[in-house]
Amino acid sequence: MILAAGRGERMRPLTDACPKPLLQAGGKALIVWHIERLRDAGFTDIAINHAHLGAMIEAALGDGSAFGVRIRYSPEAEALETAGGIRQALPLLGDAPFLVVNGDVFCDADLAALRERGATLSADGDLAHLLMVQNPEHHPDGDFRLADGRLHRDGEPRLTFSGIGIYHPVLFAGIAAGTRAALGPLLRTAMDAGRVGGAAHAGYWLDVGTPARLAELDARLRPAGT
């Protein structure tokens, strides 16, 4: 699943007439980079939620056949936040663990390896596995502590959640469809029960949340001299 329902307030005015996932870097829409990397990692079915200017996303991507995947959409009248959006999309995601990628990050992580890691999640075991990164300048305090492959809400040193994770659908069972719900509280409760694993990613990662960071990514992705 690619999360694409955010309004993109920090990207304004760029997002006033264009949904953030369709903003371009390196000659491609941000969401197309995700779709192609997911496809190359072996993912063939992708769900995308949307709210702000969502019709433009559907028009641009269609059914996914142009990218060699199948895309289905989970429209939201109002953005339901991360957990609420995932819960609403569960009928598209099935009963097995699934990968979720924030539409506004860029990361060179091995998604195929994460796909294999998903096979270890279960209804009575780990409910989530999160990819963590070093704390960026705009988020110096991090989110969670990673120790021996387990994530904890408290303690130091803390790392930042990359916005890429694998989840078992049971994690969202307590949320009613159509309800706004944040992901953080669900993860912290699962961490307290010892049911969240994690790994640190040492490669490239960027939260593409501002025009300046979009320009940084664009410069990185464009071939030399263009």
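- Of the possible donor and acceptor atoms, none in the side chain of R153 sits under 3.5 Å from a partner among the backbone N and O of L187.
- S162 places a side-chain N or O within donor-acceptor distance of the main-chain N or O of L131, the cut-off being under 3.5 Å.
- Tracing side-chain contacts under 4.5 Å through hydrophobic residues (I, L, V, M, F, W, Y), one never reaches L90 starting from L99; they form parts of separate clusters.
- In this structure, L114 is a member of the same hydrophobic cluster as I2, with clusters built from ILVMFWY side-chain heavy atoms closer than 4.5 Å.
- Contact between L221 and A25 at its shortest, heavy atoms only, is CD1-O, 3.9 Å.
- Between C107 and W205 the shortest heavy-atom distance is CB-CD1, 3.8 Å.
- For R180 (side chain) and G84 (main-chain N/O), no donor-acceptor pair under 3.5 Å exists by modelled atom type.
- Scanning all heavy atoms of the two residues, the minimum distance from A123 to V170 falls at CB-CG2, 3.8 Å.
- With no hydrogens or angles considered, a side-chain donor-acceptor pair links D108 and H201 at under 3.5 Å.
- Looking at every heavy atom in both residues, V208 comes nearest to K20 through O-CD, 4.3 Å.
- We find the CE-CG distance between M11 and L214 to be 4.5 Å, quoted to the nearest 0.5 Å.
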Check: Does the pair V69 and L38 meet the rule for a side-chain contact (heavy atoms from CB on, under 4.5 Å), with working shown?
Finding: CA-CA 9 Å; V69 298; L38 288 166; over 6 Å; no
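- More than 12 heavy atoms of other residues, nucleotides or ligands sit less than 6.0 Å from atom CD of E58.
- If you chain together hydrophobic residues whose side chains sit under 4.5 Å apart, V100 and I166 never meet in one group.
- Ring planes of Y167 and F98: tilted class, angle from 30 to 60°.
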Next item on the list: Begin with the C-alpha distance, continue with both residues' side-chain angles, and end with the deciding distance and a verdict on side-chain contact (heavy atoms from CB on, under 4.5 Å) for L30 and D104.
Entry: CA-CA 7 Å; L30 294 173; D104 57 358; 5.6 Å; no
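- Across all non-hydrogen atoms, the minimal contact from A200 to L159 is CB-CD1, 4.1 Å.
- Here the side chains of I31 and L22 are in contact, with some heavy-atom distance below 4.5 Å.
- Linking ILVMFWY residues whenever their side-chain heavy atoms come closer than 4.5 Å, directly or via other members, places F161 and L3 in the same cluster.
- N102 contributes no side-chain N or O that, together with a main-chain N or O of V105, makes up a donor-acceptor pair within less than 3.5 Å.
- Although no hydrogens or angles enter the test, the distance criterion places a donor-acceptor pair under 3.5 Å between the side chain of R39 and the main chain of F67.
- Not a single donor-acceptor pair under 3.5 Å links the side chain of R70 to the backbone N or O of D45.
- Minimum heavy-atom separation, E76 to G85: OE2-CA, 3.2 Å.
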Next item on the list: Output, in order, the C-alpha distance, side-chain angles, deciding distance and verdict of side-chain contact (heavy atoms from CB on, under 4.5 Å) for I175 and L186.
Entry: CA-CA 10 Å; I175 302 174; L186 292 184; 3.6 Å; yes
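- Between the side chain of H50 and the backbone N or O of P19 there is no donor-acceptor pair closer than 3.5 Å.
- From L23, atom CG reaches atom SG of C18 across 4.5 Å, with rounding to the nearest 0.5 Å.
- Between the side chain of R195 and the main chain of G125, a donor-acceptor pair closer than 3.5 Å is present.
- If you take CG on L130 and CG on L146, they are separated by 9.5 Å, rounding to the nearest 0.5 Å.
- In this structure, CE in M191 is found 10.0 Å from CZ in R150, a value given to the nearest 0.5 Å.
- More than 12 heavy atoms of other residues, nucleotides or ligands sit less than 6.0 Å from atom CD of E36.
- To the nearest 0.5 Å, atom NE2 of residue H138 and atom CG of residue D207 are 4.0 Å apart.
- Figure legend: cation-pi geometry between R220 and Y204, with NZ or CZ positioned under 6.0 Å from the six-membered ring centre and within 45° of its axis.
- When atom types are taken as modelled, the side chain of D143 and the backbone of T160 share no donor-acceptor pair closer than 3.5 angstrom.
- A distance of 8.0 Å separates CG in D110 from CZ in R37, rounded to the nearest 0.5 Å.
- One hydrophobic cluster holds both I57 and I46 under the rule that ILVMFWY side chains link at heavy-atom gaps under 4.5 Å.
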Next item on the list: Determine, step by step, whether L80 and T179 satisfy the side-chain contact (heavy atoms from CB on, under 4.5 Å) criterion, reporting the C-alpha distance in whole Å, the side-chain angles of both residues, the deciding distance to 0.1 Å, and the verdict.
Entry: CA-CA 6 Å; L80 298 174; T179 302; over 6 Å; no
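- No donor-acceptor pair closer than 3.5 Å links the side chain of D63 to the backbone N or O of I71.
- Contact annotation: the side chain of M1 approaches that of L93 to within less than 4.5 Å [non-hydrogen atoms, C-beta and beyond].
- Counting heavy atoms from C-beta outward, F172 and L183 have side chains that approach closer than 4.5 Å.
- Between E216 and R213, none of the side-chain N atoms (NZ, or NE/NH1/NH2) sits under 4.0 Å from a carboxylate O, so this pair counts as no salt bridge.
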